[in-house]
Amino acid sequence: MNYVLYAVPFFFLLIGLELLADRWRGMHNYRLADALNSLSAGVLSQAVGILTKVVGLLTYTFAWEHLALLELSASDLWVWVFAFVFYDFCYYWNHRLGHERNVLWAAHAVHHQSEDYNLSTALRQTSTGFLFSWIFYLPLALLGVPPLVFLSVAALNLLYQFWVHTKHIPKLGWLEWLLITPSNHRVHHAQNPLYMDRNYGGVFIVWDRLFRTYQEELEEEPVIFGVTVPLASWNPLWANLQVYAGLWCDARRAASWWDRLRIWFMPTGWRPADVAARYPQEKPDLSRFRKFEVPLGRGAQVYALLQFIVYLLGGVWLLAQGDGLSTVAALLGCIWVGLGLYSIGCVLESRRWARRVELLRLTLNLPLFWLADALGVLSMGVAAWAALLLYGGLSLLGLWWLRQDDSAPASLTPSI
Ligand SMILES: [Zn+2]
Ligand SMILES: [Zn+2]
C-alpha cells in the first residue's frame, strides 16, 4: 500500500487551509514560483522513487532474510511500537549525517532550498536519497523488524513530518520536549548560524536532547529560511544536482588525488585548500538577505500553475499504477515528468528559451505517448489521442497568450 498516494488529497486540503489562514492573518508565506518548485521536487521524487525504491527494498529484505538476529512478528503490537521509535532513532542519524557530510548533504539539500516555510516545503523531497539512506536503516533489519512493518513505520514517519512545516503554529509547551513540532522544525530549516544543523529528529525531539543537537526557537532571533549557498533557480532538476555539481567541480579542480576522493566524504562545506584559495566562495551576509525572485507576469503564473496541475495528476496516476508498471514504463514516466517540470521551471524563471522548451515538450508528447501505447502502458484510443491533441492545442494557445502577456508590466512579487 502506498501511503503517500492516499495522503495526497489531505496534503492539498491542508495547503488550501493554510492559504486561507495566510489570507485571514495577512501573512505572505506562499509565493507561487517557490511553492510550485517545492511541489515539483515532490512529484519528481515520487516518480523517480518508483524506479529507485528497489535499492532500499532489496537491501533491507536481503539483510532481514539472511542476517536478522531475532525473529520478530508483525502480529505483535510491541514490534510496531518498537519499530516506530527505533526507526526514528535511525532517521536521526541518517538526517544528521545528511547535514554533516558533503555527499549526503548533496542529496538532502533539496529539502532545505526553499526560502519560504509552508506546507508545500514539506513535500520538497530529494530524488537521490536512495543512494545512501538505506544504509542507516539496516539496524532494523538486523534486529528482525519485518519489511512490512519497516515500510509502514517509514511512511508514518514521513507523513508525520508534513504538518510541522508551517509558520502558523506557535510553540506547543511540553510537547517541545517530546516531539518534532512546527517551532523546533522551523529552527531546523534556518540558515542563521545559531540555528544551523540542529533538531534532526523525524517524530521525536528526544534524540536531539540526548545527543546535544537541540536548539530552541528564540523570539530575538527570527528564522531566515533556506541554505547558505542559495539555489537561485526554480528548476527542480537543478535543485537535485546543484550540490553534486559544486562538489564535482571542486574535485576536478583539486591538484591532489586524495583531495579529489575525500571531498565527497568530508564535513559539509569542506573544500580542498588549493581550490578554496583559487576559487573563494563568499560567506553569506544575512543582514542583506533577499529571497530569490524572478519578475513574472500574471499570465505566466497562471500558465505555469495550470501546466503543473497536469503533471501533478500525471504523477499521481504513475503512483497509482504501483508495481503494475514495468521498468521501461516507469522510466518513460520519469522522463515525461522530468521534462515537464523542467519546462515549467523555465517558464517560472522567465527564461529566453522557455517558449522553445515548451514547444519541444509538447512535440515530444507525441512520440512519448505513442511509445507508451506501443509498450502497453497506456491504451491510446481515439479519445485519448484527441484529448492529448486538445491539451497540446490549448497549451499552444496559452503560449500565444503569453506573448501578449510579455508586454504587460511584470509583477515583482508573485504571491498567492
Ligand atoms: Zn534537514
Ligand atoms: Zn523539513
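Note that the coordinates shown come from a computational prediction; the quantities given were computed from them, not determined experimentally. One-based numbering, in listed order, for ligands and for the atoms of each.
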Is the cationic atom of [X] (NZ for Lys, CZ for Arg) positioned less than 6.0 Å from the six-membered ring centroid of [Y] and within 45 degrees of its normal?
X	Y	result
R209	Y214	yes
R260	W257	yes
R253	Y279	yes

(message) For a distance under 2.8 Å, tell me if H111 has an N/O/S atom near the Zn ion (ligand 1).
(response) no
(message) Suppose we only count N/O/S atoms under 2.8 Å; would H99 qualify as near the Zn ion (ligand 1)?
(response) yes
(message) Checking one value in my table: which N/O/S atom of H108 lies closest to the Zn ion (ligand 1)?
(response) NE2
(message) Can you tell me which N/O/S atom of H188 has the shortest distance to the Zn ion (ligand 1)?
(response)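 It is NE2, the N, O or S atom of H188 closest to the Zn ion (ligand 1).
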(message) Would you say the Zn ion (ligand 2) has H189 as a near neighbour, meaning an N/O/S atom of that residue under 2.8 Å away?
(response) yes
(request) Using the Zn ion (ligand 2) as the apex, give the angle to atoms NE2 (H185) and NE2 (H165), rounded to 10 degrees. (result) 100°
(message) So that I can tick it off, tell me whether E176 and K171 are bridged by a salt bridge, with the cut-off set at under 4.0 angstrom between side-chain N and carboxylate O.
(response) no
(message) Taking the basic N atoms (NZ, or NE/NH1/NH2) and the acidic carboxylate oxygens, is any pair closer than 4.0 Å for R262 and D259?
(response) yes
